[in-house]
Each structure stands twice: as C-alpha cells, then as structure tokens.
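Notes for the one structure printed next.
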Amino acid sequence: MPAVQTITWEGALSGHARLIEQTLLPERTEYLDVRDVPGMVDAIYRLAVRGAPAIGVAAAYGAVLGIQNETGRSVPDLLRHLDEVCSTLAAARPTAVNLFWALERMKRHAAAVAGGCADGRALAEELLAEAQRVHAEDADQCRRMGEHGAELIRDGMTLLTHCNAGALATGGMGTALAPMYVAAEQGKKISVFADETRPLLQGARLTSWELNQAGIDVKVITDGMAGRVMFEGRVDAVFVGSDRIARNGDVCNKIGTYTVAVLAARHGVPFYVVAPVSTFDAATDSGDLIPIEERAAEEITNGFGRRTVPEGVGVYNPAFDVTPAELVTAIVTEHGLIERPNMAKVEALLRQAGAMAPAS
Ligand SMILES: CSC[C@H]1O[C@H](OP(=O)(O)O)[C@H](O)[C@@H]1O
C-alpha cells in the first residue's frame with residue numbers, strides 16, 4: 001500500500017493538523033501545518049488537501065482547531081462557537097458530502113457529551129478524540145473497500161482511473177485505488193491508465209505519483225485518450241471515486257468521469273465506483289440536485305503558469321459531473337458491492353449502515 005499519510009494530527013490539544021501540500025506534488029513533497037480554521041478552509045479550497053474522505057477528516061480536525069484555544073468559554077458557549085466554526089468550514093467547497101457529514105458528526109458528538117464535560121477543555125478533548133475516530137474509521141473503510149474491490153481484479157488486468165481517489169484523497173489507502181493496492185498485495189500483476197484529469201491534473205500529478213511509488217505499472221494518458229484505449233480493447237475495468245452519491249445511485253465525481261462512464265458503456269467495460277457510506281447523501285434524491293462546484297477560470301486560462309486561453313475569452317470550469325446510476329456496474333463500499341445501483345438498493349445499504357431511518 002502507499003506509504004503516504006495525507007493528514008496527521010500533531011500533538012494533543014493545542015496541536016495542529018499536518019497535511020501534504022498536494023498542489024506541489026509531484027515535483028516537491030512538502031508539508032503544511034494548519035493551526036486555525038481559516039488555514040484549514042484555505043487548504044481545502046486550494047486543494048492542498050482534497051478528495052471527499054480526506055476533506056471530511058480535515059474538516060473534523062478543523063473543528064478541533066476552532067475550539068481548542070477557546071476552552072475558557074463555558075460549555076454552552078463553546079457549543080455555540082463550534083456551530084460557527086463548522087459553518088465557516090462548511091463554506092470551503094460545496095460538492096463533497098463528506099465535508100458536511102464530518103462537521104455534523106462533530107456537532108452531534110459535542111452535543112451528546114457536553115452534559116458530562118466539566119469545562120471547555122474536557123469538551124475539546126472529546127472533540128479531538130472524535131476527529132481521530134473519524135480518521136481511523138476512514139482508514140479502516142479504505143482497507144475494507146480495497147478488499148471487496150480486489151475481488152473484481154484478476155491477475156494481468158489493465159485498469160483505468162480518473163482523477164485521484166487514492167491515499168491522497170482519504171485518511172487511508174484510498175477508495176478507487178484501494179482495490180489496486182490490495183490486488184497488488186495479493187500478488188496480482190496489474191497495469192493502470194491514469195487520466196491526467198484536467199484542469200488540475202490530479203491523475204497525472206497525484207495518481208501516477210502514488211501508483212509509481214507503490215510499484216504498480218501506471219501510464220498517464222490525456223483525458224481525450226480514454227476512448228482510444230478502450231477502443232483498442234486495452235481496458236478491462238474502470239475504477240473511480242466519488243464526492244457524493246445520491247439516493248437513486250447517481251454518482252458525482254471529478255469532471256470527466258461521466259465521459260469515461262459513457263465510453264465504458266459503449267465498449268462493454270465494467271465501470272466501478274468505490275466510495276464509503278459517508279459519501280452517500282440520503283438527503284439528495286438524484287444527481288441533478290447535487291451542487292456542482294464551479295472553480296476559477298484561471299485554472300484553465302493559466303494552468304500551471306502558461307496562458308493558454310486568449311485574454312477576454314470566456315471559460316466554464318465545473319469541477320464535477322454526474323454519472324447516472326444506469327451507467328454504474330457496481331458501487332464498492334466498505335460493506336460490499338451494490339451491483340446495478342438504484343434507489344432501493346442504496347436505501348437498503350444506508351439502512352443497513354444506520355445512515356438512514358428504518359423503513360416505516
Ligand atoms: C476519494 S474521493 C476523491 C475524489 O475527489 C476528487 O475531487 P477533488 O480532487 O476536486 O477533491 C475527485 O472527484 C475524486 O474522485
């Protein structure tokens with residue numbers, strides 16, 4: 001598995017989060033110490049830390065950063081302050097549901113334990129422990145998704161992935177890349193095509209960096225080449241991550257994922273989405289209701305230092321798209337697979353996982 005630790009918490013209370021500064025990869029491996037809420041909001045917005053599960057873990061630590069130096073407040077006042085902190089963190093990016101799920105979990109935990117906390121420091125200690133549980137659970141979920149997903153991978157297969165859904169996108173070994181790491185641990189020889197994934201090149205910069213470090217054969221292709229390698233019959237399966245999955249099984253993921261799904265359907269290539277239950281959004285009925293982040297034009301006009309679009313020419317930069325459930329062969333979760341996902345199957349999973357009220 002990859003040796004990379006996307007995020008760690010340094011010290012106990014009055015500690016700080018330490019992130020790999022992903023905007024500098026692959027040229028430089030540097031770390032960013034985040035000591036306050038504005039710093040965590042900025043790190044999430046800039047994609048210094050990115051990927052739905054990693055954003056959730058970062059947000060949980062961000063909540064701790066926001067209250068750990070306010071422990072002189074009364075517990076009720078600290079709970080109110082925590083609400084403000086979580087609202088600030090929630091504004092960092094709109095699409096990955098893990099951000100909101102993690103913040104709601106931190107607030108729920110605070111409310112549940114507040115009555116037993118003698119003072120603000122006791123509450124802060126409880127929140128740090130909860131953030132560390134969020135992190136540890138994510139790592140465990142990654143391993144379990146990897147094991148379920150590896151059953152879909154045979155020795156000698158060539159896989160394709162889009163964006164980065166590896167260790168750098170999670171608190172563990174990844175989502176879409178986890179089955180690849182586990183398959184490699186099992187001795188299966190695999191090769192991977194990594195879509196470079198414009199405009200921020202998470203595939204070229206991050207996925208290839210991770211897989212290469214893990215000794216897994218990886219070739220970077222431009223996004224426009226995905227169709228060609230499938231036409232040539234060179235892709236046995238696609239594995240991608242997700243930022244939010246609606247109740248009907250529609251999958252929101254990095255821009256370009258829908259294109260890969262259509263190509264996979266056209267060429268009879270299985271299209272697998274790997275995501276923990278925390279990425280499912282029971283409150284969103286279908287993919288067309290998922291908020292799609294639009295990012296700065298400069299990511300396209302001046303990507304990586306060169307102007308490639310004439311001054312005054314317009315740009316449209318949606319960071320995500322939605323793949324309809326009918327194009328998804330299966331969703332791989334920590335609880336197993338949902339094949340041919342639909343609302344009934346997603347709701348059954350959410351109820352099994354306790355993420356949705358039992359049917360009345
Ligand atoms: C395991 S979720 C990874 C997911 O997040 C990425 O988006 P971003 O790099 O903008 O955070 C992309 O959608 C990946 O599939």
Side-chain angles (χ1 to χ4, degrees), residues 2 4 6-7 19-23 25 41 43-59 92-102 138-139 141-146 149 160-181 194-207 209-210 223 238-245 250-261 271-281 287 290-296 299-300 317-323 328 331-334:
V4 66
T6 303
I7 182 169
L19 314 171
I20 290 184
E21 173 57 78
Q22 296 192 30
T23 61
L25 289 172
V41 171
I44 292 172
Y45 177 73
R46 287 190 304 108
L47 282 75
V49 60
R50 41 146 303 280
I55 290 172
V57 174
R93 292 183 76 188
T95 303
V97 72
N98 306 60
L99 172 62
F100 312 104
W101 167 88
D138 185 71
Q141 289 154 9
C142 288
R143 165 60 63 175
R144 289 159 60 192
M145 288 184 285
L160 182 142
T161 190
H162 190 77
C163 198
N164 172 258
L168 288 169
T170 67
M173 69 191 319
T175 59
L177 299 192
M180 303 179 192
Y181 292 131
D195 283 355
E196 64 174 359
T197 314
R198 284 189 53 76
L200 295 180
L201 308 185
Q202 289 93 326
R205 294 187 302 111
L206 308 178
T207 292
W209 181 82
E210 277 196 42
D223 301 348
V238 173
F239 284 81
V240 296
S242 178
D243 295 82
R244 190 181 306 215
I245 300 173
D250 289 348
V251 171
C252 180
N253 198 50
K254 182 53 51 193
I255 190 74
T257 303
Y258 170 58
T259 310
V260 172
F271 182 86
Y272 298 116
V273 175
V274 187
V277 167
S278 59
T279 303
F280 288 72
D281 180 5
I290 296 173
I292 300 295
E293 179 185 17
E294 280 196 45
R295 293 184 62 87
E299 293 179 353
I300 296 174
N317 185 16
F320 300 96
D321 59 25
V322 174
T323 297
V328 178
I331 301 175
V332 182
T333 78
E334 66 272 39

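Indexing begins at 1, ligand by ligand and atom by atom, following the structure's order.
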query: Quick check: does any side chain N or O of Glu210 sit under 3.5 Å from a backbone N or O of Leu168, one acting as donor and the other as acceptor?
result: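 Yes, the answer is positive, given that a donor and an acceptor are paired below the 3.5 Å cut-off.
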Between the protein and ligand 1, are there any N or O atom pairs that come within less than 3.5 Å of each other, and if so, what are their names and distances?
residue: ligand 1; atom: 5 (O); partner: Asp243; partner atom: OD2; Å: 3.1
residue: ligand 1; atom: 9 (O); partner: Arg50; partner atom: NE; Å: 2.7
residue: ligand 1; atom: 9 (O); partner: Arg50; partner atom: NH2; Å: 3.3
residue: ligand 1; atom: 9 (O); partner: Gln202; partner atom: NE2; Å: 3.0
residue: ligand 1; atom: 10 (O); partner: Arg93; partner atom: NH1; Å: 3.4
residue: ligand 1; atom: 10 (O); partner: Arg93; partner atom: NH2; Å: 2.7
residue: ligand 1; atom: 10 (O); partner: Lys254; partner atom: NZ; Å: 2.7
residue: ligand 1; atom: 11 (O); partner: Gly51; partner atom: N; Å: 2.9
residue: ligand 1; atom: 11 (O); partner: Arg93; partner atom: NH1; Å: 3.0
residue: ligand 1; atom: 13 (O); partner: Asp243; partner atom: OD1; Å: 2.5
residue: ligand 1; atom: 13 (O); partner: Asn253; partner atom: OD1; Å: 3.2
residue: ligand 1; atom: 13 (O); partner: Lys254; partner atom: N; Å: 3.1
residue: ligand 1; atom: 15 (O); partner: Asn253; partner atom: OD1; Å: 2.5
residue: ligand 1; atom: 15 (O); partner: Asn253; partner atom: ND2; Å: 3.4

Smallest heavy-atom separation, Val240 atom then Thr161 atom, equals CA-OG1, 4.3 Å
query = When you look at OH of Tyr258, are more than 12 heavy atoms from neighbouring residues, nucleotides or ligands closer to it than 6.0 Å?
reply = no
Decide whether a cation-pi geometry holds between Arg295 and Phe320; the criteria are a distance under 6.0 Å from NZ or CZ to the six-membered ring centre and an angle within 45° of the ring axis.
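Checked: cation-pi criterion not met.
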Residues at least two apart in sequence or cross-chain that pass side chain to side chain contact (heavy atoms under 4.5 Å, CB included) with Glu294, listed by chain then number, are Tyr316
Result for side-chain hydrogen bond (donor to acceptor under 3.5 Å, both in side chains) between His162 and one of Asn253, Thr259, Asp195 points to Asp195
